[in-house]
Amino acid sequence: EVQLMESGGGLVQPGGSLRLSCAASGFTFSNYWMHWVRQAPGKGLVWVSRFNTEDSSTNYADSVKGRFTISRDNAKNTLYLQMNSLRAEDTAVYYCATTGMSAYYFDYWGQGTLVTVSP
Amino acid sequence: EIVLTQSPDFQSVTPKEKVTITCRASQSIGSSLHWYQQKPGQSPKLLIKYGSQSISGVPPRFRGSGSGTDFTLTINSLEAEDAATYYCHQSSDVPITFGQGTRLEIK
């Protein structure tokens with residue numbers, strides 16, 4: 001059974017940093033494209049970043065480019081999101097999700113971890 | 001950036017009714033359009049892939065159609081458990097984008 005479990009969320013002050021983790025199990029993690037998607041309270045889904053497992057390239061939404069870094073440790077079956085220079089508008093539930101061995105539809109999602117950026 | 005516009009934003013419907021949600025892309029995306037259902041407090045769940053392909057375990061009352069720029073999610077004979085927000089998503093280009101969501105309320 002595929003499982004994705006996020007952790008690392010919490011309350012942080014504006015300008016602060018936080019690292020999210022997503023522990024994966026039930027599939028060959030190293031072969032799967034992984035993403036972060038966020039959802040502000042009461043709002044819609046917004047894609048944040050992805051890690052291309054084929055060439056280890058990464059992509060980011062313009063709103064987080066230069067502040068957030070996605071990475072993965074295949075030995076630990078874990079995906080990370082390092083978030084720096086956090087702003088109030090980064091407040092959201094952050095989901096990790098996979099599009100399998102391609103870059104297409106999100107077939108599995110974690111339960112999400114809440115990040116709150118507030119003084 | 002490819003913008004996805006869903007309509008309506010909100011719909012209040014009765015059980016057994018047929019519901020149609022549309023998703024329009026700002027440029028052609030072929031069949032790279034997928035649909036999700038999200039219930040309050042839960043993660044999104046994949047309903048339809050590549051515009052019209054069904055997903056194992058998803059009730060057959062959920063149907064998708066369309067290609068290019070215009071797509072439709074149809075829910076036949078709505079059930080109370082279908083109360084949720086529905087999102088379309090395009091995987092044609094980066095940045096990946098979602099529609100703004102359509103909230104369905106069951107009367």
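For the numbers below, each heavy atom of this structure counts, side chains included, while hydrogens, waters and symmetry mates do not. Small disclaimer: the values here were computed from a predicted structure and weren't measured. Here is how names work: the chains are called A, B, and so on, in the same order as the sequence lines, proteins then strands, and each is numbered from 1.
- In this structure, CD in A/Glu6 is found 7.0 Å from OG in B/Ser43, a value given to the nearest 0.5 Å.
- Heavy-atom contacts from other residues, nucleotides or ligands closer than 6.0 Å to NZ of A/Lys76 number 12 or fewer.
- If you tally non-hydrogen atom pairs under 4.5 Å between each of B/Ile96, B/Val94, B/Ile55, B/Leu46 and chain A, the highest count goes to B/Ile96.
- Crowding of A/Arg67 atom CZ: a count of heavy atoms from other residues, nucleotides or ligands under 6.0 Å exceeding 12.
- A/Leu114 is not connected to A/Val12 by any chain of hydrophobic side-chain contacts under 4.5 Å among Ile, Leu, Val, Met, Phe, Trp and Tyr, and they are in different clusters.
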Exercise. So A/Leu45 and B/Gln38, side chain to side chain contact (heavy atoms under 4.5 Å, CB included) or not? Walk me through it.
Worked result: CA-CA 10 Å; A/Leu45 301 170; B/Gln38 186 180 33; 4.2 Å; yes

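- Here B/His89 contributes atom NE2 and A/Thr99 contributes atom OG1; the two are 8.0 Å apart, rounded to the nearest 0.5 Å.
- A/Leu81 and A/Trp47 sit in two unconnected hydrophobic clusters of ILVMFWY residues. Membership requires side-chain heavy atoms under 4.5 Å apart, directly or through other members.
- No more than 12 heavy atoms of other residues, nucleotides or ligands sit less than 6.0 Å from atom CD of A/Gln13.
- Remark: side-chain polar atoms of A/Tyr95 are not paired, donor with acceptor, to backbone N or O of B/Pro44 under 3.5 angstrom.
- Relative orientation of the B/Phe98 and A/Trp109 rings is tilted, given thresholds of 30° and 60° on the angle between their planes.
- Put simply, B/Ile21 and B/Val3 are part of two different groups of oily side chains (I, L, V, M, F, W, Y) that touch within less than 4.5 Å, one to the next.
- When hydrophobic clusters are built by joining Ile, Leu, Val, Met, Phe, Trp and Tyr residues whose side-chain heavy atoms come closer than 4.5 Å, directly or via intermediates, A/Tyr60 is grouped together with A/Leu18.
- For A/Val93, no part lies near chain B; criterion is any non-hydrogen pair under 4.5 Å.
- Between B/Lys49 atom NZ and A/Tyr104 atom OH the span is 12.5 Å, to the nearest 0.5 Å.
- Relative orientation of the A/Tyr105 and B/Tyr50 rings is perpendicular, given thresholds of 30° and 60° on the angle between their planes.
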